[in-house]
Amino acid sequence: MTTAPDAPADETFNVYLAGEQINESLGLGYVYITTPLGNVRMTAEEADRLGSALQCAAATDRRMNLSDTEAVNPYLDPYPWSAEPALTVTVYGLPAAQGSKAYKGHRTDKATGRRLPVLVEQSKRVKPWRARVQEAATQTLIVKHVRRYGGYPAGGATPLRGPVRIDVAFTMKKPTSARKTIRTYPAVSPDLDKVLRSTFDALTQAKAWEDDGRVIEIHTTQCYPGEHPDALDQPGAIIRLYTLTGDPS
């Protein structure tokens, strides 16, 4: 973390306002935090750790100001997620939305003899995207297993167990018509929930978790290359999976 030149090196302070500033090149720049002592420049990783610390401080402050009746309720605190991700997966490729189906006629079910409609994904990008996510997640699980146990898993890597939180930042392809010198918000198709759906299915196939029903908290971002702290330099996604504090996974 680098403080402004006029800031005393040994003085601590409270952050009262945070904002991101991006230079004209829209590269992977720094995040600048405005404080009473001037601007503080930090990397995205440092800003992420600071954000987690501020969330903890805010939760503590909220707990200290509860009424006596509320204070005895242990379920008012946020879920106790581990500070570090249990699994971080980086995927390159064009994120695709899953959900819109195209009718391709009927088929006969051999077991029941019933005529059933044949529905397939309209987007041809879904299958390649799911394959990329599954491959990246599988390889990441294997690397994690090797680092922990010193050898390759005989029956496949062990999925994360118990409740899971997923934080995912999708880097979308920026339209050629969008302005290049300012941040552009991807508030357009595809729908974020449908992109998340295809990603969930791929993570389930990769056995990143026992089942996507284990996910109890979701934080999702959609951005363009270089225009967010978690943005990649090309389309893809950064996926972080968290387990509860003390979870053996």
Side-chain angles (χ1 to χ4, degrees), residues 28 43-49 51-52 79-98 121 123 125-173 190 192-249:
L28 293 177
T43 65
E45 291 76 14
E46 290 173 328
D48 184 61
R49 289 196 296 269
S52 297
Y79 293 137
W81 298 113
S82 299
E84 296 297 326
L87 194 71
T88 300
V89 181
T90 301
V91 188
Y92 292 99
L94 191 61
Q98 176 178 312
E121 286 292 332
S123 176
R125 297 172 178 173
V126 173
K127 189 174 181 179
W129 171 246
R130 288 178 54 173
R132 287 176 179 268
V133 174
Q134 182 176 344
E135 180 182 4
T138 299
Q139 292 301 318
T140 304
L141 283 166
I142 291 175
V143 170
K144 177 185 176 183
H145 189 281
V146 170
R147 288 177 176 174
R148 174 176 287 188
Y149 301 108
Y152 285 91
T158 303
L160 301 181
R161 302 190 184 280
V164 175
R165 183 186 104 195
I166 179 171
D167 292 6
V168 53
F170 294 107
T171 302
M172 313 302 289
K173 183 178 180 180
L192 190 54
D193 63 324
K194 292 182 179 179
V195 179
L196 195 61
R197 187 182 306 166
S198 63
T199 305
F200 266 46
D201 285 353
L203 291 171
T204 300
Q205 289 296 319
K207 298 182 180 179
W209 45 45
E210 296 172 303
D211 183 81
D212 54 14
R214 302 294 187 185
V215 179
I216 63 172
E217 191 169 330
I218 303 170
H219 299 271
T220 314
T221 303
Q222 192 167 253
C223 54
Y224 289 134
E227 298 189 21
H228 186 275
D230 278 336
L232 300 172
D233 59 356
Q234 57 184 289
I238 296 179
I239 304 167
R240 298 183 177 94
L241 303 181
Y242 295 82
T243 53
L244 296 174
T245 302
D247 189 274
S249 297

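- The shortest heavy-atom contact between Trp129 and Ala237 is CH2-CB, 3.9 Å.
- To the nearest 0.5 angstrom, Tyr242 atom OH is 7.0 Å from Glu84 atom CD.
- For Glu210, the salt bridge (charged side-chain N to carboxylate O under 4.0 Å, His left out) partners are Arg161, Arg214, not counting sequence neighbours.
- In plain terms, the two heavy atoms of Asp233 and Tyr92 that are nearest each other are OD1-CE2, 4.2 Å.
- Contact annotation: the side chain of Thr140 approaches that of Leu87 to within less than 4.5 Å [non-hydrogen atoms, C-beta and beyond].
- Nearest heavy-atom pair, Leu241 versus Ala208, reported as atom, atom and distance to 0.1 Å: CD1-CB, 4.0 Å.
- Using a 4.5 Å heavy-atom cutoff, the side chains of Arg125 and Ser198 are not in contact.
- Between Thr221 and Phe170, the closest side-chain pair of non-hydrogen atoms is not below 4.5 Å.
- With contacts defined as side-chain heavy-atom distances shorter than 4.5 Å, the pair Asp212/Asp201 qualifies.
- Minimum interatomic distance between Leu192 and Gln222 (heavy atoms only, all atoms of both residues): CD1-OE1, 3.7 Å.
- Among residues at least two apart or in separate chains, salt bridge (charged side-chain N to carboxylate O under 4.0 Å, His left out) pairs with a member in residues 235-244 are Asp230-Arg240.
- Taking each heavy atom of Thr171 and Ala231 in turn, the nearest pair found is OG1-CA, 3.5 Å.
- The structure places CD1 of Ile239 at 11.0 Å from CG of Asp167, a figure rounded to the nearest 0.5 Å.
- When side chains are defined from C-beta on, Tyr79 does not count as touching Arg165, because their heavy atoms never get closer than 4.5 Å.
- The side-chain heavy atoms of Val91 and Thr199, taken from C-beta on, include no pair separated by under 4.5 Å.
- In terms of heavy-atom proximity, Met172 sits nearest to Pro235 at C-CG, 4.3 Å.
- With rounding to the nearest 0.5 angstrom, the OG1 atom of Thr138 is 9.5 Å from the CG atom of Leu203.
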Show, in sequence, the C-alpha distance, side-chain angles and deciding distance for Leu160 and Lys144, and conclude whether the side-chain contact (heavy atoms from CB on, under 4.5 Å) test is met. CA-CA 11 Å; Leu160 301 181; Lys144 177 185 176 183; 3.4 Å; yes

Let's go through Leu196 and Val168 carefully: what are the C-alpha distance in whole Å and the side-chain angles of both, what is the deciding distance for side-chain contact (heavy atoms from CB on, under 4.5 Å) to 0.1 Å, and is it a yes or a no? CA-CA 9 Å; Leu196 195 61; Val168 53; 3.6 Å; yes

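- With sequence neighbours excluded, the residues that form a ring pair (Phe, Tyr, Trp, His ring centres under 6.0 Å) with Trp209 are Phe200.
- If you take CD on Gln134 and CD on Gln139, they are separated by 11.0 Å, rounding to the nearest 0.5 Å.
- Using a 4.5 Å heavy-atom cutoff, the side chains of Pro80 and Leu244 are in contact.
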